[in-house]
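Here the structure is laid out as structure tokens; the discussion comes afterwards.
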Amino acid sequence: MFKIAVLISGGGTNLQSIIDAIESKQINCKIEMVIGSREDIYGFERAKKHNIDTFVVNKKTYGEKFSDKILELTKGKVNLIVLAGFLSILEGKILEEFNNKIINIHPSLIPSFCGPGMYGLKVHEAVIKSGVKFSGCTVHFVNSEVDGGAILLQEVVPVYFDDDSKTLQKRVLEKEHIILPKAIKLISENKIEFIDGKAKIIK
Ligand code: GRF
């Protein structure tokens with residue numbers, strides 16, 4: 001059974017989309033654990049409803065050992081780490097041990113509107129301020145560069161002149177909930193190849 005760890009920092013609607021995709025048999029995998037970056041996040045409620053083990057790894061508590069603690073919890077236990085709204089940056093050994101086995105969902109069309117400090121509503125505010133007519137979301141592999149790993153899937157949404165960050169966030173989130181489970185399915189079925197640093201979906 002393909003096992004995943006899902007890392008969260010907030011409401012967990014992306015976690016919920018993975019739970020729902022498993023329940024509906026869209027993807028054949030098991031959420032082995034949910035790791036949150038602090039105690040009081042609603043995403044834990046979603047995990048507990050489905051008897052999924054939860055752990056808190058708080059950057060303030062672990063400091064520079066933060067990523068190593070997550071590695072300790074996941075090494076040998078899961079095949080893939082999924083960052084689903086996880087707001088801390090993973091670094092060090094975990095990136096080697098889980099090379100091309102960590103994915104992240106970002107609420108813009110990378111390489112636009114991403115990188116250090118670009119998360120949550122800040123992304124959508126920047127998109128609206130820029131005047132672009134399309135935005136969207138990206139699932140990418142995680143490496144040492146923030147939002148810099150190989151892009152796996154993207155979905156596009158229109159940006160309307162009257163949008164504010166909340167209306168745009170809602171439209172993008174709907175697409176996030178589609179491509180994140182889809183990405184997990186592709187990886188669990190071994191349908192990804194890496195060529196010249198880019199991720200190719202093989203049929
Ligand atoms: C999503 O917009 C995701 O793209 C970003 O953080 C948000 C998490 O939302 N990384 P949720 O906690 O999954 O509802």
Side-chain angles (χ1 to χ4, degrees), residues 4-23 26-27 29 31 33-50 52 54-59 66-67 70 80-91 102-128 132 134-143 145-159 163-185:
I4 67 175
V6 182
L7 277 52
I8 61 173
S9 294
T13 64
N14 275 289
L15 166 64
Q16 190 63 53
S17 72
I18 300 166
I19 292 171
D20 295 347
I22 292 170
E23 302 257 308
Q26 180 198 339
I27 44 180
C29 77
I31 303 176
M33 64 188 77
V34 169
I35 299 173
S37 54
R38 37 180 239 279
E39 290 284 349
D40 58 335
I41 46 182
Y42 183 67
F44 279 142
E45 299 312 309
R46 299 177 190 273
K48 286 169 185 164
K49 273 197 196 123
H50 292 268
I52 300 167
T54 58
F55 300 90
V56 178
V57 181
N58 188 323
K59 187 113 188 190
F66 175 75
S67 293
I70 293 173
L80 180 69
I81 295 175
V82 180
L83 309 185
F86 192 64
L87 295 179
S88 298
I89 303 298
L90 297 180
E91 55 197 1
I102 306 174
I103 59 173
N104 179 49
I105 176 90
H106 181 76
S108 78
L109 296 172
I110 288 176
S112 301
F113 307 105
C114 65
M118 286 302 274
Y119 57 86
L121 285 174
K122 289 181 183 179
V123 173
H124 306 298
E125 284 158 8
V127 166
I128 289 165
V132 293
F134 292 94
S135 189
C137 50
T138 304
V139 176
H140 64 94
F141 288 92
V142 170
N143 62 14
E145 188 195 334
V146 176
D147 296 335
I151 291 170
L152 177 52
L153 291 174
Q154 294 186 305
E155 274 284 345
V156 177
V157 300
V159 181
D163 267 326
D164 61 26
S165 55
K166 290 264 185 193
T167 56
L168 179 56
Q169 179 184 52
K170 184 172 178 300
R171 196 174 306 125
V172 171
L173 260 179
E174 285 167 12
K175 297 293 188 186
E176 292 180 41
H177 299 159
I178 293 167
I179 65 171
L180 189 54
K182 197 171 162 186
I184 295 167
K185 181 176 173 63

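As the structure lists them, so they are numbered: ligands from 1, and atoms in each ligand from 1.
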- request: Using salt bridge (charged side-chain N to carboxylate O under 4.0 Å, His left out) as the criterion, list what pairs up with Asp147, not counting sequence neighbours.
  value: none
field: Lys185: partners by salt bridge (charged side-chain N to carboxylate O under 4.0 Å, His left out), with sequence neighbours left out
entry: Glu189
Ile18 side chain reached by Ile4 side chain, heavy atoms, under 4.5 Å: yes
N/O pairs closer than 3.5 Å, ligand 1 and protein:
unit_1	atom_1	unit_2	atom_2	d
ligand 1	2 (O)	Glu176	OE1	3.2
ligand 1	2 (O)	Glu176	OE2	3.1
ligand 1	4 (O)	Glu176	OE1	2.7
ligand 1	4 (O)	Glu176	OE2	3.2
ligand 1	10 (N)	Ile105	O	3.2
ligand 1	12 (O)	Gly11	N	3.4
ligand 1	12 (O)	Gly12	N	2.8
ligand 1	13 (O)	Thr13	N	3.3
ligand 1	13 (O)	Asn14	N	2.9
ligand 1	13 (O)	Asn14	ND2	3.0
ligand 1	14 (O)	Thr13	N	2.9
ligand 1	14 (O)	Thr13	OG1	2.5

Report all side-chain donor-acceptor pairs from residues 173-182 shorter than 3.5 Å, counting only partners two or more places apart or in another chain.
unit_1	atom_1	unit_2	atom_2	d
Glu174	OE2	Lys170	NZ	3.3
Glu176	OE1	Asn14	ND2	3.0
His177	ND1	Leu173	O	3.4
His177	NE2	Thr13	OG1	2.8

statement: Gly85 and Ile105 have their tightest heavy-atom pair at N-CG2, 4.3 Å
message: Quick check: closest heavy atoms across Ser108 and Val123, and the distance to 0.1 Å?
response: CB-CG1, 3.7 Å
